[in-house]
There are 2 protein chains.
Amino acid sequence: MTTFSEENYLKAIYHLGNHGQHSVSTNAIAEKIETKASSVTDMLRKLAEKDYVDYKKYQGVSLTEKGRLTATNVIRKHRLWEVFLVNKLDFSWGEVHDIAEQLEHIKSLKLTNALDAFLDYPSHDPHGDPIPDADGNFKKISKIVLSKANENDICVCVGVNDSSSGFLKYLDKNNIALGAEIEILSKEPFDDSMNINVNGKSLAISKLISNNLYVKIRST
Amino acid sequence: MTTFSEENYLKAIYHLGNHGQHSVSTNAIAEKIETKASSVTDMLRKLAEKDYVDYKKYQGVSLTEKGRLTATNVIRKHRLWEVFLVNKLDFSWGEVHDIAEQLEHIKSLKLTNALDAFLDYPSHDPHGDPIPDADGNFKKISKIVLSKANENDICVCVGVNDSSSGFLKYLDKNNIALGAEIEILSKEPFDDSMNINVNGKSLAISKLISNNLYVKIRST
DNA sequence: ATATATTTTTAGTCTTGTCTAAATTTTATT
DNA sequence: AATAAAATTTAGACAAGACTAAAAATATAT
Ligand SMILES: [Mn+2]
Ligand SMILES: [Mn+2]
Ligand SMILES: [Mn+2]
Ligand SMILES: [Mn+2]
């Protein structure tokens, strides 16, 4: 049985290592989890002891299969609960993350599966992030960051890279939600800003915005 | 902010003191929470320090208003989550308690209230226990223990005193659920057993059963 | 009233997860 | 290759929450 803290470390290693593929540095974990590097070292030894990670001193850390499965299960629960909060309890997409951080640690396989069924087996959470199945498998979708789209492209918003409530509020204010159609009117090479058309209104967005919005190109 | 452990102690004191009315002994808490008396003493000092309880050495402990409110809020969440699991996710009433023990510690007033609304403001949980409102107020219903009913009484099952999965399974096996109509056919004074009629079938039940079933007398 | 039994508290230890400060290893720079 | 810088680990401490064993207070029984 894993503790809350162990689960948070596994999740961090998973995300930092890009789906648990490559290994991760102590400092990166410390920064992500907002703790000290020495605390991370202690925890890595413990996780290695329990076979959740492969760890050799000074060499970084990577998830074992057991660790990867634990991490994806926590992520699965996190995202299912986010869907529940938005779809069933009418929360906005900016309000759900902190609550999901708590709910993701509830231990009951039956509950997770029942929730999944109750929500009609959603494939993505309210921020466009894919929900892994019980075996930790994601379906990959081909999404690009909006800044990579070209002039005259018409795209659909399919996700956000930054789920902070500040960014989400900005999007709400400008009526950009998942599924919104975005047309690239022009791109300004000097500062990488772009003019887009969304919901009939034109809008100038900075590089910071376009780098954090995922889209799918619909047509050209 | 209260920890999980603090909340469990407050809940125990609340229940043992009969809705936080009278004071509770160290040993009683230890037994309820399945911990040692010395651990209880430590925690009581901490809870007193934080003004959740009134505590004087060797004199037992009672909840302050702040403590009572915290306890009822945890109980509120526990019972709302039980309703959610049974009514929305189709869990049986014997499966929900352990999961609710986890969910009751999730901290979000907005979530609790949204859940309450989503469930249509239920007044009782799946075991017939009343759900307090946000201010910690219960509506009292007049229920008696089945053993107190008289021959020829016709009653409705409104709750259980023992929520253990063993007892609930016994009830399920005999088709006794909340709302079931129970007729007292006869009472045996020697061992306090009774013959009842439930759903057309007659059934002999021991004192242990009739002492743990709450009913309301419907007619005579 | 005194002795005995029970309850409760204290003292000291342990584990988990965190921290600071110091030591060590690795990486980068001259 | 030697040195400086950065990253990582170790050593030692602390708080929360638990435990055991011993001491102290309260309750019970003679
Ligand atoms: Mn989230
Ligand atoms: Mn999300
Ligand atoms: Mn319960
Ligand atoms: Mn209940």
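So that the names make sense, note that chain A is the first sequence line, chain B the second, and so on, each numbered from 1.
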Between B:S147 and B:N211, does the side-chain hydrogen bond (donor to acceptor under 3.5 Å, both in side chains) criterion hold? Intermediate values first, please. CA-CA 5 Å; B:S147 54; B:N211 267 336; 2.7 Å; yes

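Between C:dC19 and A:S39, a contact under 4.0 Å exists linking OP1 or OP2 to a side-chain N or O. One finds no side-chain N or O of A:Y9 lying less than 4.0 angstrom from the OP1 or OP2 phosphate oxygen of C:dT16. When the side-chain nitrogen and oxygen atoms of A:Y58 are compared with OP1 and OP2 of C:dA23, none of them lie within a distance under 4.0 Å. B:T35 has a side-chain polar atom (N or O) that falls below the 4.0 Å cut-off from OP1 or OP2 of D:dC19.
Looking at heavy-atom distances under 4.0 Å, B:Y55 makes contact with sugar-phosphate atoms alone, never a base. Here A:S5 lies in heavy-atom contact (under 4.0 Å) with sugar-phosphate atoms only.
No hydrogens or angles were tested; on distance alone, nothing pairs the side chain of A:T26 with the base of D:dT9 as donor and acceptor under 3.5 Å. Residue B:T41 places no side-chain atom within donor-acceptor reach of the base of C:dT10, judged by atom type and a 3.5 Å distance cut-off alone.
Taking the six-membered ring for Trp and thresholds of 30 and 60 degrees, B:Y14 and B:H19 have ring planes more than 60 degrees apart, a perpendicular arrangement. Between B:H127 and B:W93, the angle of the ring planes stays under 30°, which puts this pair in the parallel group of the 30/60° scheme.
As a whole-Å value, the separation of B:D42 CG from D:dC19 C1' is 10 Å. Atom CZ of A:R45 and atom P of C:dT18 are 15 Å apart (whole Å). Rounded to a whole Å, the NZ atom of A:K56 is 16 Å from the C1' atom of C:dT25. Remark: P of C:dA5 and CG of B:N27 are 18 Å apart, rounded to the nearest angstrom. Protein atom CG of A:L44 is 7 Å distant from nucleotide atom P of D:dT9, rounded to whole Å. Per the geometry, CE belonging to B:M43 stands 14 Å off C1' belonging to D:dC19, to the nearest Å. What separates NZ of A:K36 from C1' of D:dT9 is a distance of 16 Å, to the nearest Å. Here the C1' atom of nucleotide C:dT9 and the CG atom of B:L47 are 16 Å apart, to the nearest Å.
Of the candidate nucleotides D:dA18, C:dT9, D:dT10, C:dT9 has the atom nearest to the side chain of B:K57.
Separating the CD1 atom in A:I13 from the CE atom in A:M43 is a distance of 9.5 Å, to the nearest 0.5 Å.
In this structure, A:R79 does not pair ionically with A:E104, as no charged nitrogen and carboxylate oxygen lie closer than 4.0 Å.
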